[in-house]
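Input: a single structure, listed below in structure tokens.
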Amino acid sequence: MPKIYFIDVTNRDGVQTAHLGLSKLEKTMINMYLNEMGVFQSEFGFPTTRHESLYLQANLELAKMGVLQPIRLEGWIRATVVDVETAFKLVPNIRHLNLSISTSEQMVYGKLKKSKEDVLKSMVDAVEAAWSHGAESIGVNAEDASRTDIDFLIRFASAAKERGAHRFRYCDTLGYDNPFSIYETVKTLAENVSISIEMHCHGDLGMAVANSVAGAKGALDGGQDAYINTTVNGVGERAGNADLVATILAVTKSKDFAEKYPLGNPIELTKVWKIAKFASYAFGIPIPINQPGVGANAFAHASGIHADGVLKDPQNYELYNFSELGRGEPELIETGRKICSGEYSGVSGFRHIMGQMAISFKDAEEAQEILELVRYANVEAQKPLTEDELLFIAKYPQIAKKLLTLSPLE
Ligand SMILES: [Zn+2]
């Protein structure tokens, strides 16, 4: 029986968004939290982008150490042989890739200035090159799939399947689909091509989550596994992508859905509060008050009838309990003196901060070394590090060193 999986693309679509970005340490923390949640795969970055190389290598090392396990770390590149070769040159240990190319007439002629046959050939050549370089799993992305005619999509997905690709990504790049159109198209694809289908939906018309759920239903009804692309807090190009938490809630809690359309692996919902809060802090974007599950108002009741109802029985006005999402724990907020990390921090303040988290160092030298890494992390983040980030650096100093190394002049 086909199932639903999640592929989070915060570290690719989220960070390529205008006005927004994450430090390499912040990207790593997102991977750590996604792993804790049980998300199947993180699209963790751009293997052809030079400033990503050490970050990607460091995260693959964490995977090898068993720290970033069982999550699968996959890189996003264009579906060209040149990109495949560059990816394996810069990140030799990369094993999972998504190869992307435009398929709509608008983009094939209007952007790539190529023919559809060129697009097919480029994709097929890229898939074969990726296999020959040692790829273990490949997804093939049809950019602007929702504005591509179905016959070409079937040809494209079939050619990918024939060359051994594992997944076909249906990209509603402009957020043009609606739940009815995406359901029909994806179901047709699933029935005609025996390949798992990824839903990659954008919110330009406010339907990213709804389209993801409908598309997933189309894939499953057509007999194929569905992989839903999400981002934490819905951060992504323009109006954003399908929000991770809202999409998980939609497929697990909406009317009669989960009984018929199960998840491929369990998701640890109690971790979602932490990842949403961290992404909000790291991106510097407040969580909207009415955001599903994690917004300040998601479990707030003021009006007489609602408050009375929820006090008598929460199920009167709440579909699920806040504690399921990891909410409800008291949070300590310092209202008086505060010592925090910075790029010019000194050892005394640093020992104080770490001491509050019950971290001690074996000698002055070790404290100085970790402090130095924390300073560098602050140069990138330009805001005080979180407790988890500080703990990460103290626990994996060699990995942190790699993450924090940027050498453009080499
Ligand atoms: Zn996108």
Side-chain angles (χ1 to χ4, degrees), residues 5-22 27 30-31 34 39-49 52 73-80 83 96-104 106-108 110-112 119 123 138-148 153 156-157 160 167-179 181-182 185-186 189 196-216 219 226-247 279 283 285:
Y5 299 85
F6 292 95
I7 296 180
D8 190 84
V9 299
T10 306
N11 279 333
R12 201 275 300 171
D13 217 320
V15 298
Q16 73 182 49
T17 306
H19 310 298
L20 298 176
L22 297 175
K27 293 185 77 168
I30 293 282
N31 293 329
L34 290 170
V39 169
F40 174 76
Q41 179 166 310
S42 172
E43 187 154 280
F44 74 143
F46 303 86
T48 56
T49 301
E52 291 266 275
L73 301 173
E74 157 262 322
W76 183 97
I77 58 176
R78 292 174 304 179
T80 66
D83 266 25
H96 307 286
L97 288 170
N98 264 59
L99 312 173
S100 183
I101 194 162
S102 314
T103 52
S104 67
Q106 169 70 42
M107 288 198 183
V108 172
K111 186 183 79 166
L112 299 178
V119 164
M123 179 274 287
I138 296 177
V140 168
N141 304 2
E143 189 192 23
D144 207 15
S146 49
R147 294 194 298 177
T148 305
L153 279 185
F156 183 86
R167 299 177 314 278
F168 165 79
R169 180 177 293 182
Y170 178 91
C171 303
D172 182 18
T173 306
L174 271 69
Y176 174 55
D177 258 314
N178 60 57
S181 62
I182 196 171
T185 311
V186 172
L189 279 164
S196 299
I197 303 183
E198 292 185 33
M199 263 46 68
H200 182 90
C201 300
H202 278 271
D204 299 73
L205 300 176
M207 294 187 282
V209 173
N211 285 343
S212 301
V213 176
Y227 289 76
I228 301 179
N229 289 187
T230 60
T231 61
V232 185
N233 299 336
V235 172
E237 292 273 17
R238 308 178 312 280
N241 295 57
D243 170 42
L244 171 71
V245 177
T247 310
F283 277 115
I285 325 172

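FYI, side chains are in, hydrogens and waters are out, and symmetry mates aren't considered; it's all heavy atoms of this structure. When a ligand or atom number is given, it counts from 1 through the structure's own listing order.
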Practice prompt. Could you check Val119, Asp144, Thr148 and say which one makes a side chain to side chain contact (heavy atoms under 4.5 Å, CB included) with Met107?
Written response: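 The option that passes is Asp144.
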
Worksheet item: What residues, two or more places apart in sequence or in another chain, satisfy salt bridge (Lys or Arg N to Asp or Glu O under 4.0 Å) together with Arg169?
Response: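 If we apply the salt bridge (Lys or Arg N to Asp or Glu O under 4.0 Å) test to Arg169, skipping adjacent residues, the hits are Glu43, Glu198.
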
Worksheet item: What protein N, O or S atoms come within a distance below 2.8 Å of the Zn ion (ligand 1), ordered by chain and number?
Response: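 Asp13 OD2, His200 NE2, His202 NE2, with waters left out.
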
Item to complete: Not counting sequence neighbours, list each pair that qualifies as a salt bridge (Lys or Arg N to Asp or Glu O under 4.0 Å) and has a residue in residues 227-240.
Response: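 For residues 227-240: Asp204-Arg238.
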
Worksheet item: Between Thr10 (side chain) and Gly14 (backbone), is there a donor-acceptor pair under 3.5 Å?
Response: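 Not a single qualifying donor-acceptor pair exists.
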
Practice prompt. Without swapping roles, check the side chain of Thr230 against the backbone of Asp243 for a donor-acceptor pair under 3.5 Å.
Written response: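 No.
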
Fill in: Which residues share a side-chain contact (heavy atoms from CB on, under 4.5 Å) with Leu22, sequence neighbours left out
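Leu22: side-chain contact (heavy atoms from CB on, under 4.5 Å) contacts with Asn11, Val15, Glu26, Lys27, Ile30, Ala282, Phe283.
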
